[in-house]
Asker: 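I have a structure I would like to understand better, so I am pasting it below and will then ask my questions one at a time.
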Protein chains: 2
Amino acid sequence: MDAVLKAIAEPRRRQILRLVGEREMAAGEIADHFDITRPAISQHLKILREAHLVTERREGTRRLYRAEPETLAELRTFVEEFWTPGLQRLRDLAEATETAASTRAATEDDKETP
Amino acid sequence: MDAVLKAIAEPRRRQILRLVGEREMAAGEIADHFDITRPAISQHLKILREAHLVTERREGTRRLYRAEPETLAELRTFVEEFWTPGLQRLRDLAEATETAASTRAATEDDKETP
DNA sequence: CACTTACGTTAGATATGTCTTAACTATCTT
DNA sequence: AAGATAGTTAAGACATATCTAACGTAAGTG
């Protein structure tokens, strides 16, 4: 998952991912959408491939890329699992703090040893 | 959203996020969970703060951090919107291709034998 | 007030990423 | 076989990230 998160942290790679999410595309066709050189795109594609965010299919001299929906699904699951019960508690706490803004240390007695 | 994605691309920052997602925590307390120095943690916290993934609250000399559920919700929405109709079409296409010819995908990240 | 506690910020070293140019590989065409 | 086409890999320049050590700051304490 680390590789996935690092891969999507790059704006161009997200754009590539959107392109090959629409439909299968050859490497050169992808490169046409950008200002940077083809080798740079090739390197981005390698990172996406190694993160299993895209798959490659060879057809003659061309290499056709497409998004890998499974990995995207895993990413979605991963992000959703950051939404744990603990977070829901924090959400409630934030609400309470806003409502009674002047209340100090009403609900937090976590550490009191100086 | 770019700041959010870059922020969560770092493993330590994700771990910090999990810690302050459980409950509010002081900076030093967070640092105790890691091998790296306190300044390093402070820098990570700054990045998380600037991405609005955590909020800071001062109490005496301490600074208490907690996760910001709203930003996490936005992240979740963002990731889910990568799941467009186009992707569903690719999913179907992949199924059809597998059924028809059982083509081997070219995910060769295991090419280390010299 | 000086002193401690809790943190942040700065400066600089080292590691990682991203790009370009040049060279390379594989496939198709003639 | 030679050349054209499509794409990757390699080498190196430059930018960005991440860490440590040293210093700075603000709030509490004797």
Side-chain angles (χ1 to χ4, degrees), chain A residues 2-17 19-20 24-51 53-66 104-105 108 110-114, chain B residues 2-17 19-20 24-51 53-66 103-114:
Chain A
D2 201 84
V4 173
L5 293 169
K6 282 208 170 120
I8 64 164
E10 236 286 334
R12 288 167 203 77
R13 285 197 289 264
R14 287 198 299 274
Q15 211 171 333
I16 291 175
L17 212 46
L19 287 173
V20 301
E24 206 176 34
M25 262 195 193
E29 197 181 352
I30 295 166
D32 289 345
H33 288 78
F34 296 89
D35 285 346
I36 60 179
T37 59
R38 248 170 285 114
I41 295 295
S42 201
Q43 285 155 18
H44 282 308
L45 284 170
K46 184 181 185 181
I47 288 165
L48 289 170
R49 221 187 309 132
E50 285 173 355
L53 277 163
V54 303
T55 56
E56 185 204 276
R57 183 169 72 90
R58 302 188 189 194
E59 197 181 77
T61 85
R62 299 191 315 161
R63 299 190 186 197
L64 302 166
Y65 288 90
R66 68 164 68 147
R104 275 218 290 169
E108 62 106 16
D110 44 330
K111 223 174 191 186
E112 224 183 70
T113 322
Chain B
D2 200 85
V4 173
L5 293 169
K6 283 209 169 120
I8 63 163
E10 235 287 336
R12 286 165 206 78
R13 286 197 287 265
R14 287 199 299 276
Q15 211 173 331
I16 290 175
L17 212 47
L19 287 173
V20 300
E24 207 175 33
M25 262 195 193
E29 197 181 353
I30 294 166
D32 289 346
H33 288 79
F34 296 88
D35 283 348
I36 59 179
T37 60
R38 251 173 287 110
I41 295 295
S42 203
Q43 287 156 15
H44 283 307
L45 285 171
K46 185 181 185 180
I47 288 165
L48 289 170
R49 221 185 310 131
E50 285 172 356
L53 278 163
V54 303
T55 56
E56 184 205 276
R57 182 170 73 90
R58 303 192 187 191
E59 199 182 75
T61 84
R62 300 192 312 163
R63 301 195 183 192
L64 300 167
Y65 288 90
R66 68 165 69 150
T103 37
R104 201 177 80 83
T107 39
E108 28 131 346
D109 44 340
D110 38 17
K111 55 172 271 189
E112 62 160 60
T113 331

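A note on names: the letters A, B, ... follow the listed sequences, proteins ahead of strands, and every chain is numbered from 1.
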Asker: Using the side-chain contact (heavy atoms from CB on, under 4.5 Å) rule, take B:I16 and B:F34 through it: C-alpha gap first, then chi angles, then the decisive distance, then the call.
Answerer: CA-CA 9 Å; B:I16 290 175; B:F34 296 88; 3.7 Å; yes

Asker: Is the side chain of B:R13 donor-acceptor paired with the backbone N or O of B:I8 at a distance under 3.5 Å, no angle test?
Answerer: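 Looks like no, no N/O pair under 3.5 Å.
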
Asker: Under 4.0 Å: is that the gap between some side-chain N or O of A:R62 and OP1 or OP2 of C:dA26?
Answerer: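 Indeed not, no polar side-chain atom of A:R62 lies that close.
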
Asker: Check whether any side-chain N or O of A:R63 sits under 4.0 Å from OP1 or OP2 of C:dT27, and answer yes or no.
Answerer: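 For C:dT27, neither OP1 nor OP2 has a side-chain N or O of A:R63 closer than 4.0 Å.
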
Asker: Nearest-Å distance, CD1 (B:I36) to C1' (C:dA13)?
Answerer: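 Going from CD1 in B:I36 over to C1' in C:dA13 covers 16 Å.
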
Asker: What closest approach, in Å, do A:E29 and A:H33 show between heavy atoms, and which atom pair accounts for it?
Answerer: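 Taking every non-hydrogen atom into account, O-ND1, 3.0 Å.
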
Asker: What is the distance from CG of B:D35 to P of D:dC19, rounded to the nearest Å?
Answerer: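 Between P of D:dC19 and CG of B:D35: 11 Å.
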
Asker: Out of D:dT8, C:dT9, D:dT5, which nucleotide sits closest to the side chain of A:T61?
Answerer: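 In terms of side-chain proximity for A:T61, the closest of D:dT8, C:dT9, D:dT5 is D:dT5.
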
Asker: Rounded to the nearest 0.5 Å, how far does NE2 of B:H44 lie from CZ of B:R14?
Answerer: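 Answer rounded to 0.5 Å: 11.5 Å.
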
Asker: Using a heavy-atom cut-off of under 4.0 Å over every strand shown, decide if B:R12 touches base, sugar-phosphate, or nothing.
Answerer: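 Contact class for B:R12: sugar-phosphate only.
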
Asker: On DNA chain C, nearest-nucleotide positions of A:E10 versus B:Q43: which is more 5'?
Answerer: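 The residue whose closest nucleotide sits nearer the 5' end is B:Q43.
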
Asker: Between the base of D:dT8 and the side chain of A:E56, is there a donor-acceptor distance below 3.5 Å?
Answerer: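 Answer no: no donor N or O sits under 3.5 Å from an acceptor.
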
Asker: Just call it for A:A31: base, sugar-phosphate, or nothing, with non-hydrogen atoms closer than 4.0 Å on any strand.
Answerer: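 Nothing, no nucleic acid heavy atom in range.
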
Asker: Return the value, rounded to whole Å, for the distance between atom CG of B:L48 and atom C1' of C:dG8.
Answerer: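 Going from CG in B:L48 over to C1' in C:dG8 covers 15 Å.
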
Asker: In whole angstroms, how far is the C1' atom of C:dC19 from the CD1 atom of A:I41?
Answerer: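 My rounded result for the distance is 11 Å.
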
Asker: State whether A:R13 places a side-chain N or O below 4.0 Å from either non-bridging phosphate oxygen (OP1 or OP2) of C:dT18.
Answerer: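 Indeed, a polar side-chain atom of A:R13 lies that close.
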
Asker: Let me know the distance between CG of A:L64 and P of D:dT8, rounded to the nearest Å.
Answerer: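 In whole Å, D:dT8 P lies 11 Å from A:L64 CG.
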
Asker: Which whole-number value in Å describes the distance from B:K6 NZ to C:dT16 P?
Answerer: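 Taking atom P of C:dT16 as the reference, NZ of B:K6 is at 18 Å.
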
Asker: Please report the C-alpha distance between B:E10 and B:I47 in whole Å, then the side-chain angles of each, then the deciding distance to 0.1 Å, and finally whether the side-chain contact (heavy atoms from CB on, under 4.5 Å) criterion is met.
Answerer: CA-CA 10 Å; B:E10 235 287 336; B:I47 288 165; over 6 Å; no

Asker: Of all the choices, D:dA6, C:dT20, D:dT20, which nucleotide is nearest to the side chain of B:T37 once you look at every atom?
Answerer: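 Comparing D:dA6, C:dT20, D:dT20 against the side chain of B:T37, the answer is D:dT20.
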
Asker: Would you give the length of the straight line joining atom OG1 of A:T37 to atom CD of A:Q43, rounded to the nearest 0.5 angstrom?
Answerer: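 Interatomic distance, A:T37 OG1 to A:Q43 CD, rounded to 0.5 Å: 7.5 Å.
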
Asker: Counting side-chain heavy atoms from CB outward, which of C:dC7, D:dT8, D:dC19 is closest to B:A27?
Answerer: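 My answer, after comparing the listed nucleotides, is C:dC7.
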
Asker: C:dC19 P sits how many Å from A:R38 CZ, rounded?
Answerer: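 So the two atoms are 15 Å apart, to the nearest Å.
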
Asker: Where the side chain of B:R49 is defined as all heavy atoms beyond and including C-beta, which of C:dG8, D:dC19, D:dT8 is the nearest nucleotide?
Answerer: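 Closest nucleotide among those given: C:dG8.
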
Asker: Could you tell me the separation between the CG atom of A:L45 and the C1' atom of C:dC19, rounded to a whole number of Å?
Answerer: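 Spelled out: CG on A:L45 to C1' on C:dC19 is 15 Å.
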
Asker: When you measure only distances, ignoring hydrogens and angles, does the side chain of A:E59 come within 3.5 Å of the base of C:dT27 through a donor and an acceptor?
Answerer: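 No.
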
Asker: Does a nitrogen or oxygen in the side chain of B:H44 sit under 4.0 Å from OP1 or OP2 of D:dA17?
Answerer: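 Answer is no, no contact under 4.0 Å.
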
Asker: For C:dA6, take OP1 and OP2 only and decide whether either is under 4.0 Å from a side-chain N or O of B:Y65.
Answerer: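 False: B:Y65 side-chain N/O out of range (4.0 Å or more) of C:dA6 OP1/OP2.
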
